[in-house]
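Take a look at this one; I'll ask things after.
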There are 2 protein chains.
Amino acid sequence: MLNINNIISKDYLSSKNIKPSFARIKIFEYLSNNHIHPTIDEIYHALIDEIPTLSKTTVYNTMKIFIDNKLVKLVSIEDTETRYDINVQIHGHFKCESCGKIYDFNVDLHNLLTDDLNGYNIHEKNIYFKGICNTCSNNSNTN
Amino acid sequence: MLNINNIISKDYLSSKNIKPSFARIKIFEYLSNNHIHPTIDEIYHALIDEIPTLSKTTVYNTMKIFIDNKLVKLVSIEDTETRYDINVQIHGHFKCESCGKIYDFNVDLHNLLTDDLNGYNIHEKNIYFKGICNTCSNNSNTN
DNA sequence: TTACAAGTTTGTAATGATTACAATTATATG
DNA sequence: CATATAATTGTAATCATTACAAACTTGTAA
């Protein structure tokens, strides 16, 4: 049942001081292969067939460990849904109000610092936009 | 019981097509006078002495109306707490991980647009940082 | 003033995400 | 193989938010 990806994920988790259990490897690989900023529920349903004994508590526990060890970042766009992002580089999120998809976009946050934060110790920068994505705009145009 | 602020708030709500009921005026004035990005709970507790019959449902209802009519903006920084901001101009938020306070800062988001969002229709821009604020940094230095 | 309609407020119950926790299961090591 | 340690699971508890129906207010018109 071992394969290259499995070994790589295993080693990667180990290198981050996370014991590479079966569930953790599978959850990590799901996040790596699906950059869709999933919710706990989406992760759970995506894996329940492959891991029939999986519980949501395990998904919660695992995401907490991943966040604490900076493997993933929490995405707070809507107050109603907590999402997770395997891409921990600084980048922006665009949430489409029509289809609900969240897109990544590149953004350079270096040159927008203001004097207002002089003396402040910044640990984390987040930026997100909302609107209508390209695809949804085009669909409504052709109606 | 009428005063200048009361009249102004009343007229302002009316001008936004919101019936200026007593609760709505008081909630609006609380937000105007306290730029602390309060939670529902904070608003409720701040006003319960003045409006003993106030219910949290009313605070929820009122905030929904204010948001729909663009008098306030929702602030999603933590997934665990929904906050509200009377300042609807584009600006950044800095949340201190030590004292929990949320500071406003000015930011010019015009020049950070990337090609990634060409064709996207942007309705709303949000930016927030996390870290340790000036005050908390200084306090820990003097220990 | 009174009656009425429309809108507002309230309290309670329902929902749904998240967390706490104890029991069970898996894993690694000697 | 035995044991200790850690991971996983299921259930119950918690907490914010929403749904909803009843009660209350307000403005208007007779």
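No experiment lies behind these values; they were computed from the predicted model shown. In what follows, chains are A, B, ... by sequence order, proteins preceding strands, each numbered from 1.
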If only side-chain N and O atoms of B/S21 are considered, is one of them under 4.0 Å from the OP1 or OP2 phosphate oxygen of C/dT9?
->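 Yes, because at least one side-chain N or O of B/S21 sits under 4.0 Å from OP1 or OP2 of C/dT9.
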Residues in contact with DNA chain D, drawn from residues 54-83 of chain A - heavy-atom cutoff 4.0 Å |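 When residues 54-83 of chain A is checked for heavy atoms under 4.0 Å from DNA chain D, the hits, listed by number, are A/L54, A/S55, A/T57, A/T58, A/N61.
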How bent is the helix from C/dT1-D/dA30 to C/dG30-D/dC1, comparing axes over its five end pairs at each side, to the nearest 10°?
->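 Computed from the C1' atoms at both ends, the axes differ by 10°.
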Are B/D79 and A/R83 ion-paired here, with the side-chain N under 4.0 Å from a carboxylate O?
->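 Salt bridge absent between B/D79 and A/R83.
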For B/L47 and C/dT9, what is the distance between atoms CG and P respectively, to the nearest whole Å?
->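 B/L47 atom CG is separated from C/dT9 atom P by 13 Å.
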Between atom CD1 in A/I51 and atom C1' in C/dT25, what is the gap in whole Å?
->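 The answer, rounded to whole Å, is 15 Å.
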Any pair counted as ring pair (Phe, Tyr, Trp, His ring centres under 6.0 Å), so long as it reaches residues 35-78 of chain B, sequence neighbours left out |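 Every ring pair (Phe, Tyr, Trp, His ring centres under 6.0 Å) pair that includes a residue of residues 35-78 of chain B, provided the two are not neighbours, is B/H37-B/H93.
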Specify the separation, in whole Å, of atom CD1 of B/I25 and atom C1' of D/dT26.
->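 Going from CD1 in B/I25 over to C1' in D/dT26 covers 13 Å.
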Send over the distance from B/E42 CD to D/dT17 P, rounded to a whole Å.
->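 That distance rounds to 12 Å.
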Atom-pair distance (OH on A/Y44; C1' on C/dT18), nearest Å =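 Spelled out: OH on A/Y44 to C1' on C/dT18 is 15 Å.
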Is it true that A/E29 and A/R24 make a salt bridge, defined as a side-chain N closer than 4.0 Å to a carboxylate O?
->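 Looking at A/E29 and A/R24, the cut-off is not met.
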Rounded to whole angstroms, how far apart are CG on B/N17 and P on C/dT8?
->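 My rounded result for the distance is 12 Å.
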Identify which nucleotide among C/dT8, D/dA6, C/dT18 has an atom closest to any side-chain atom of B/K19, counting heavy atoms from C-beta outward.
->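 Nucleotide nearest to B/K19's side chain: C/dT8.
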Examine the side chains of A/D104 and A/H91 and answer whether a donor and an acceptor come within less than 3.5 Å of each other.
->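 Yes, because at least one side-chain N or O of A/D104 sits under 3.5 Å from a partner of the opposite role on A/H91.
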How far does CD1 of A/I36 sit from CD1 of A/I43, to the nearest 0.5 angstrom?
->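 Spacing of CD1 (A/I36) from CD1 (A/I43) equals 8.5 Å.
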When the distance from CD1 of A/I18 to P of D/dA6 is rounded to whole Å, what number comes out?
->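 About 15 Å, once rounded to whole Å.
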Could you state the atom-to-atom distance from NE2 of A/H45 to C1' of C/dG16 in whole Å?
->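 Interatomic distance, NE2 of A/H45 to C1' of C/dG16: 14 Å.
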Can the ring centres of B/Y12 and B/F28 be said to be less than 6.0 Å apart?
->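 Under 6.0 Å, so yes.
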B/D115 CG: over 12 foreign heavy atoms closer than 6.0 Å |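 No, CG of B/D115 has 12 or fewer neighbouring heavy atoms, counting only those of other groups under 6.0 Å.
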How about A/Y120 and B/F105: are their ring centroids closer than 6.0 Å?
->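 Centroid distance A/Y120-B/F105: not below 6.0 Å, so no.
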Audit row: A/K95, A/E81, salt bridge (Lys or Arg N to Asp or Glu O under 4.0 Å) steps and yes/no = CA-CA 12 Å; A/K95 167 142 185 173; A/E81 52 180 31; 2.6 Å; yes
